[in-house]
Each structure stands twice: as C-alpha cells, then as structure tokens.
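Just so we're clear, the structure is a prediction, and the values are computed from it rather than from any experiment. When a ligand or atom number is given, it counts from 1 through the structure's own listing order.
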Amino acid sequence: MTGRAGSDQVAAPSRLIGWSRRLGLGPIGWASGVISAALGAMGLGAVLCLWFPAVLTTPSLRQVYDMTVIRALIKAALLVAFGLGALSVVLKRRKALGLLGMGFSLMATLMGGSAVEVATPVRASDYLGLDWFLLNLLILATLFVPVEQLFARRPEQKIFRPGWTTDLAHFAVSHLAVQTTVLLTLVPAAVFFRWAVSPVLQAWVAGQPALLQFVEILAIADLTQYAIHRLFHRVPFLWRFHAIHHSSRSLDWLAGSRLHLVDIVVTRAVGFVPVYVLGFATAPTYAYLVFVSFQAVLIHANVRFRFGPLAWILATPRFHHWHHSAEPVAVDKNFAVHLPVIDRLFGTYYLPPEAWPAEYGIAGDPVPEAYLGQVVFPFLPAVTSASKR
Ligand SMILES: [Zn+2]
Ligand SMILES: [Zn+2]
C-alpha cells in the first residue's frame, strides 16, 4: 500500500504537467516563471538596499521615498515571486525559472524581507544607484512589455530576443553609475561656462511661465543634441562610441539603453551647457528630464503606434526606427531626439509614408555582441571599417 501511495505521489506532478499541456497552460507556466524570477531578483535587490542604504541607494531618491509604500511593494514582490514560482514549477516541465524565483524570494525573506530596519539618518557616502535601477526597470518593464505584446510593430520578435542580456547590462550599469554620470554631466558646464552666466538673464528666463520654459528647454536641448549626435556619426573616432547604439538588430524598449557611457556623458554634458547658462527654473528642468527619459525609451519601442498629427511635432518610434535602419537611403538621417523639424531644417529628415525599416543595425556588423566587448570596442584599433558609410 505504502509503495503504491508513494508512486502516486511521484506521478502526481507529471500528471499535472500533462493536464497543463492539454489545457494549453504552458505559456502561463513560462510567463509565471519569468515574472517570478524577475520579481524575486528585484525583491532581493530591494532588501539589499534596506541593508546597505548608504552604498546602494540614491540620496535624492531617499528624500522622496514613502517607506510604508516601499515596504508594501517589497512584500508584494516577494509574495508574488514565491507564488508564481510555485505555479510555474507545477505547470512546467523545466523547473529552473520557478525555482530561481522561489529561491530569490526565500533568500530575501530570510534576510528580513520588507521588515529590515533602516538606521536613520543614512550616512553620506559614494553609492551605486541600485534603487534607481530597480525602480526604472520595474516601471518601464511593467509599462512597455505588455504594450509591446499587444501593439507590436514586429509581432514575431520575442521579449527575450537576441542581445537582450547585453542591453540589460547597459541599462544596469548606466543606472548603477548614476552618481558618476550626473556629476560628469553637470560639472563641465559649471567649470567651463561659469563666465557665460548672467544673473539678470537667468532671472528673466526663470521668471517665464513654466510651460514656455519646458518648450524652450526641449528646443534648445534638441538643437544641441542634434549637433553632437551628427558629430558622433561624422567623426570616425566618435562614431566608434556611437556605433554601439546602432549595433542593435532588434529594437524595443530595452534596446535604447545600448549606449556607451562616453556617448551618454558627452551628449548629456554638452546638452546641459545651454540649460545651465540660461538658468531655467527647477520645475521645468525636472519635467524635461522625466519627459526625455520616457521618450528615449518610447522611440526605440517595438510598437506600431503612429501618433497622428503629433508625429509632425514630436519624434515617434517610426521616426527614430528609421535612424536605426540598415538601409543605405536612411543612413545618417533623423538625428533629432525630440523635434523632427530640426532634421527638416538641416536636410536630414527621412520618413517614407507608412513604411518601417526592413532591417536595423550597421552593415557588416563590426560591433561585438557581448557587453564588455562593446565597452572596449571604441578603444581598440579598427580591424574593419566601423563606419556605416
Ligand atoms: Zn545615431
Ligand atoms: Zn536610438
């Protein structure tokens, strides 16, 4: 009897898997495993932030956190990760993802979970923006992954398409290094352009209506970005840095993160100079920062939205996808990030009606696929021509 009961218990999980296959629950098992592993890893990261806030969290974000909400979020993430992990283990023949999510959740809970005490005030120190990375990843993935699934421009493209780990590494490093990149963005303007500051002009600029200042920042920043972006394409040494961004063969919300740190810092630092000199008020400047970080993700997304008349004013996914096109006719076109009118003015506008590029990337694929290979690529002697031209 005991033997029979034992073999029934062993047979039960495989019978469940059989049912889940017959009922077409395989994709649910896979999706729950992926969400479990992602939420478990993020929950564990958040608990590490509670343990080591001075070195893993961003001081300006710490000031605005509502810890009741943050702790509730961590608790929910760990619970959902464990629950979906268990569901995935039951439904799926391959258990690794579900077990990974359950393992992360369990480890985070054993470390104290959402209840870890934080000693305040948190001492000042150099830090990695782990909280900045986790929050951005959570918000952007929650927003863009379902939208890309529902309104895909390329429905056949998978969420975990080739190159996604490289792009996630770029996303992670640029967010973790937020302290350094912000410093390198702000300091050059303050050091080299302090002479250009006029308190009278700044008072006048900051005194304008906030919405007007926002539009002005958009136009001025995009004019500067247009120039520096065109230089990155034109000057062979700079192109080797920017080629990293153009090496993506699949575009989606994560692909826009594929940027060399030198490309990020130089573009932002130069773009910040006129904003600093003119002295725009804080609110419109922050509004611009939020807008640019959202739009930079959106224009790379795998979505087929056209945006109607808005496409005349603002850069859309279709406009920027053509900038990434591998087709010779579209090379060195659509440099603007916000306002396509700048490309119209300077003769670099390219947007055939209705059409999307057939292929993305650089002819000859000169850029290595691995993250570290991409970091060192611009500094290595050019074996083959890295130019698109
Ligand atoms: Zn470019
Ligand atoms: Zn791009």
same_hphob_cluster(Phe171, Val265) at 4.5 Å side-chain heavy-atom cutoff: no
Enter the distance from Phe104:CZ to Leu106:CG here, rounded to the nearest 0.5 Å. 12.0 Å
What number of protein N, O or S atoms occur at distances under 2.8 Å from the Zn ion (ligand 1)? 5
Using a strict 4.0 Å threshold on nitrogen-to-oxygen distance, state whether Asp131 and Arg62 make a salt bridge. no
Of all N, O or S atoms in His320, which has the smallest distance to the Zn ion (ligand 2)? NE2
Arg249/Glu359 ion pair, N-O < 4.0 Å: yes
The reported gap from OG1 in Thr316 to CD1 in Ile299 (rounded to nearest 0.5 angstrom) is 9.0 Å
Salt-bridge present (Arg318, Glu354; N to O < 4.0 Å): no
